[in-house]
Q: 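Supplied in C-alpha cells, the structure appears directly below.
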Amino acid sequence: MKLEGKVAIITGGAAGIGFQTALLFLKEGASVVFTDINPNEGEKALLELKKESDKVIFVKQDVSKEDDWRMVVEKTNATFGKIDILFNNAGIYVIKPIPEITMEDWNRMMDINVTGVFLGLKHVLPEIEKSGEGSVINASSIAGLQGGAGHLMYGASKGAVRLMTKDAAAEYASKGIRINSIHPGYITTQMANYASETLHLSKRELDKTYPLGRMGKPEEVAKMVLFLASDDSSFSTGAEFVLDGGVTNSI
C-alpha cells in the first residue's frame with residue numbers, strides 16, 4: 001500500500017475528484033479527513049467511504065474561512081495524531097463575459113479558489129513539517145496554463161494557484177515537503193455538466209475537443225493525486241502535472 005500509515009486531508013471531498021481520491025487513498029492504506037461545504041453530501045459520501053475503510057471522517061468546512069481551517073487541523077490531529085498529505089481540491093467554476101462579472105462574482109471566486117488554497121497551505125504546512133516530510137497537491141486547471149473566452153475569473157484564480165504552488169514549493173523544499181499542482185481539463189463531473197449547459201455544447205461535442213476523443217474521469221485524476229502524494233513522486237516539487245487528453249498540446 002502506497003500510503004500505509006499516512007494521514008491525508010482532502011477538501012471538496014464529497015463528490016467528483018475529491019471523493020474518488022479519498023476512496024483511492026483509503027484503498028492505499030491512508031487515514032483520510034475529507035471536507036465539504038455541503039453536510040448532506042458529505043455524510044452520504046462518508047457512508048460510502050466507510051465501506052472501504054473505517055479510517056475516515058467527514059468535517060463540514062468552508063475553505064475560505066480561517067477558523068474552519070483551524071478546526072479541520074484540530075480534528076485531524078485529535079483523530080489521527082498527525083498530518084502527512086494535503087489535497088487542496090475544493091473550488092468553484094464560473095464562465096462569464098468580462099462586462100457581466102460583478103464584484104460579488106469576483107470575490108467569491110477568489111475567496112474559495114485562491115484564499116482557500118492559501119489558508120490550507122498556511123495552516124497545514126506547519127503540521128506536515130512536524131511529521132518530517134509530506135506532500136501537498138493543489139488543484140489548478142488548464143485554465144491556469146492558457147487563456148479562454150469567458151474564463152477571466154477562473155483563469156485568474158487557477159493561475160494564482162499555479163504560482164502559489166511554486167512559491168510554497170521553493171519555501172518548503174529544504175524541509176522535506178513536496179508541493180505540486182495538477183491541471184485537469186474537463187473531467188466528467190458537475191463542472192463539466194455546467195460547462196456543457198453554459199457553452200451549449202453536448203457531452204459528445206465536449207469529448208471531441210480532446211485529442212484523445214473524450215473528457216477525463218475523476219478516477220484518472222485521483223491516480224495522479226495518489227502518485228504525487230506517494231513516494232513514487234519523491235523527486236518532484238514545484239511542478240505542473242497536466243491531465244487534459246492532449247488539448248493544451250494541440251494548440
Side-chain angles (χ1 to χ4, degrees), residues 6-19 21-22 25 31-43 45-46 56-94 102-131 134-141 144 153-154 156-173 175 177-182 225 229 238:
K6 303 293 185 182
V7 178
I9 294 174
I10 299 171
T11 65
I17 292 168
F19 175 83
T21 302
F25 277 20
S31 300
V32 173
V33 175
F34 76 98
T35 77
D36 204 276
I37 199 166
N38 188 323
N40 292 330
E41 292 302 312
E43 292 298 335
L46 181 62
V56 56
I57 64 170
F58 165 66
V59 180
K60 180 183 181 296
Q61 180 194 26
D62 179 342
V63 294
S64 70
K65 306 298 184 185
E66 191 162 18
D67 284 346
D68 279 20
W69 273 107
R70 293 190 181 100
M71 174 192 63
V72 169
V73 168
E74 289 172 3
K75 288 192 175 183
T76 303
N77 282 327
T79 305
F80 297 118
K82 63 171 184 169
I83 304 170
D84 303 287
I85 300 160
L86 169 64
F87 180 26
N88 270 318
N89 170 66
I92 60 171
Y93 180 42
V94 177
T102 66
M103 284 308 303
E104 288 78 12
D105 293 331
W106 178 267
N107 289 335
R108 180 168 179 261
M109 177 73 72
M110 297 304 154
D111 283 348
I112 297 171
N113 288 12
V114 181
T115 302
V117 171
F118 156 67
L119 290 173
L121 294 171
K122 175 183 176 179
H123 289 280
V124 179
L125 280 172
E127 299 300 319
I128 297 178
E129 189 177 354
K130 293 175 185 176
S131 296
S135 177
V136 175
I137 304 95
N138 293 327
S140 182
S141 164
M153 283 193 300
Y154 188 67
S157 72
K158 293 304 185 179
V161 171
R162 172 176 172 259
L163 266 297
M164 283 195 296
T165 299
K166 292 181 178 297
D167 293 333
E171 189 168 335
Y172 275 82
K175 300 175 182 180
I177 300 173
R178 299 178 298 102
I179 307 170
N180 295 286
S181 57
I182 60 168
V225 180

Q: Pair I85, F25 - check side chain to side chain contact (heavy atoms under 4.5 Å, CB included), show working.
A: CA-CA 10 Å; I85 300 160; F25 277 20; 4.0 Å; yes
Q: How long is the gap from OG on S157 to CD1 on I112, to the nearest 0.5 Å?
A: 10.0 Å
Q: Can you tell me how far apart OG (S64) and CG (N113) are? Round to the nearest 0.5 Å.
A: 10.5 Å
Q: Between S140 (side chain only) and V161 (backbone N and O only), is there a donor and an acceptor less than 3.5 Å apart?
A: no
Q: For residues 69-76, dump all side-chain donor-acceptor pairs below 3.5 Å to protein atoms at least two apart in sequence or in another chain.
A:
{"residue": "W69", "atom": "NE1", "partner": "V63", "partner atom": "O", "Å": "2.9"}
{"residue": "R70", "atom": "NH1", "partner": "D67", "partner atom": "OD1", "Å": "2.7"}
{"residue": "T76", "atom": "OG1", "partner": "V72", "partner atom": "O", "Å": "2.7"}

Q: Might you confirm whether atom CZ of R162 has over 12 heavy atoms from other residues, nucleotides or ligands at distances under 6.0 Å?
A: yes
Q: Write down the atom of A229, the atom of S135, and the distance for their closest heavy-atom approach.
A: CA-OG, 3.8 Å
Q: Quick check for you: to the nearest 0.5 Å, what is the distance between I128 atom CD1 and L125 atom CG?
A: 5.5 Å
Q: About how many Å separate CD of Q61 and CG of N38, when rounded to the nearest 0.5 Å?
A: 13.5 Å
Q: Above 12 or not: heavy atoms from other molecules or residues under 6.0 Å from NZ of K166?
A: yes
Q: Which atoms form the tightest heavy-atom contact between I179 and Y172, and what is the distance?
A: CD1-CB, 4.2 Å
Q: Does anything in residues 104-130 pair up under ring-ring contact (aromatic ring centres under 6.0 Å, His included), and if so which pairs, sequence neighbours excluded?
A: none
Q: Please name the residue in the list I10, I83, V59, T79 that meets the side-chain contact (heavy atoms from CB on, under 4.5 Å) test with V33.
A: V59
Q: What closest approach, in Å, do N89 and T11 show between heavy atoms, and which atom pair accounts for it?
A: N-OG1, 2.9 Å
Q: If I take atom NZ from residue K82 and atom CG from residue N77, how far apart are they, to the nearest 0.5 angstrom?
A: 11.0 Å
Q: Taking all non-hydrogen atoms of both residues, which atom of I92 and which atom of R108 are closest, and how far apart?
A: CD1-NH1, 3.5 Å
Q: So, taking the atom named CZ in R178 and the one named CD1 in I137, what distance separates them when rounded to the nearest 0.5 Å?
A: 7.5 Å
Q: Okay, side chain of N138, backbone of S181: is any donor-acceptor separation there less than 3.5 Å?
A: no
Q: Between E171 and K175, what is the shortest heavy-atom contact and its length?
A: O-CE, 4.4 Å
Q: Would V32 and F80 count as a side chain to side chain contact (heavy atoms under 4.5 Å, CB included) if you check the C-alpha gap in whole Å, the side-chain angles of each, and the deciding distance to 0.1 Å?
A: CA-CA 9 Å; V32 173; F80 297 118; over 6 Å; no
Q: Check for a donor-acceptor pair, side chain of D62 on one end and backbone N or O of I37 on the other, with a separation under 3.5 Å.
A: no
Q: Could you walk me through whether L86 and E127 pass the side chain to side chain contact (heavy atoms under 4.5 Å, CB included) test, one step at a time?
A: CA-CA 10 Å; L86 169 64; E127 299 300 319; over 6 Å; no
Q: Can you check whether G42's main-chain N or O pairs, donor with acceptor, with D36's side chain at less than 3.5 Å?
A: no
Q: Is there a side-chain contact between I17 and F87 in this structure, where contact means two heavy atoms from C-beta onward sitting under 4.5 Å apart?
A: yes
